[in-house]
Amino acid sequence: VQLQASGGGLVQAGASLRLSCAASGRTASNNAMGWFRQAPGKEREFVASIGWRGVSTVYVDFVKGRFTISRDNAKNTLYLTMNSLKPEDTAVYYCATSLTSTPSRTSDRYRYWGQGTLVTVSS
């Protein structure tokens, strides 16, 4: 599976962005997928995950109510809609495909990773 993340950019605080992650090759429609992020000088952290059917979702507390993860299996694409962005959301955002069908917060359960897309939020 190859994953291509896109949609990052430079925005002001309070703005919105939608990240996309296109899957190709052996598709991941039967696997959960997730978004992680890594801020400068920090470790990679979990953001959100979605089950293979697109029904079950899990979020890290600090994005609940602001970010929404979704997927379109017909298009082999994962999305992360980010609203009310804050400067602390600045990071490289990575999409990944899980080894399982249910959402997971644990990076070790993810096998395939995209190259990342940079989100910069100015104050």
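As the structure is a computational prediction, the values presented were derived from the model and not from experiment.
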Residues in side-chain contact (heavy atoms from CB on, under 4.5 Å) with Y112, at least two apart? V1, L3, T97

What distance separates S56 OG from I69 CD1, expressed to the nearest 0.5 Å? 11.5 Å

Is the NZ or CZ atom of R71 both under 6.0 Å from the centre of the six-membered ring of Y79 and within 45° of that ring's axis? no

Residues C95 and A5: closest non-hydrogen pair is SG-CB, 4.0 Å

In residues 60-68, what donor-acceptor pairs under 3.5 Å come from side-chain atoms, sequence neighbours left out?
| from | atom 1 | to | atom 2 | distance (Å) |
| --- | --- | --- | --- | --- |
| D61 | OD1 | K64 | NZ | 3.2 |
| R66 | NH1 | S84 | O | 3.0 |
| R66 | NH1 | D89 | OD2 | 2.7 |
| R66 | NH2 | F62 | O | 3.0 |
| R66 | NH2 | D89 | OD1 | 3.1 |
| R66 | NH2 | D89 | OD2 | 3.4 |

Within a strict 4.5 Å, meaning less than it, do heavy atoms of the Y93 and L80 side chains meet? yes

Check whether N73 reaches the backbone of N76 with its side chain - one donor and one acceptor, N or O, closer than 3.5 Å. no

Can you tell me if W52 uses its side chain to pair, donor with acceptor, with the backbone of T100 under 3.5 Å? no

If the condition is side-chain contact (heavy atoms from CB on, under 4.5 Å), which residues does V92 pass it with, not counting sequence neighbours? Y94, L118

Donor-acceptor contact below 3.5 Å, side chain S98 vs main chain R109: yes

Do L78 and I50 come within less than 4.5 Å of each other through their side chains, counting heavy atoms only? yes

With a 4.5 Å limit on heavy-atom distance, are the side chains of Q4 and Q115 in contact? yes

Could you walk me through whether V11 and L17 pass side-chain contact (heavy atoms from CB on, under 4.5 Å), step by step? CA-CA 8 Å; V11 297; L17 278 176; 3.8 Å; yes

So do E45 and Q38 actually touch side chain to side chain, heavy atoms under 4.5 Å? no

Any S107 side-chain heavy atom under 4.5 Å of R44 side chain: yes

Side-chain donor-acceptor pair present, Y110, S49, cut-off under 3.5 Å: yes

Heavy-atom distance under 4.5 Å between the side chains of L19 and V119, does that happen here? yes

Are the side chains of W113 and F36 in contact, using a 4.5 Å heavy-atom criterion? yes

Using a 4.5 Å cut-off on heavy atoms from C-beta on, say whether the side chain of V121 contacts that of Q12. no

Is a side-chain donor or acceptor of S104 paired with a backbone partner of T106 at a separation under 3.5 angstrom? yes

How many angstroms lie between CG in N31 and OG in S101, if you round to the nearest 0.5 Å? 7.5 Å

In this structure, OG1 of T77 is separated from CE of M33 (nearest 0.5 Å) by 8.5 Å

Measuring from atom CZ of R37 to atom OG1 of T117, what distance do you get when rounded to the nearest 0.5 angstrom? 14.0 Å

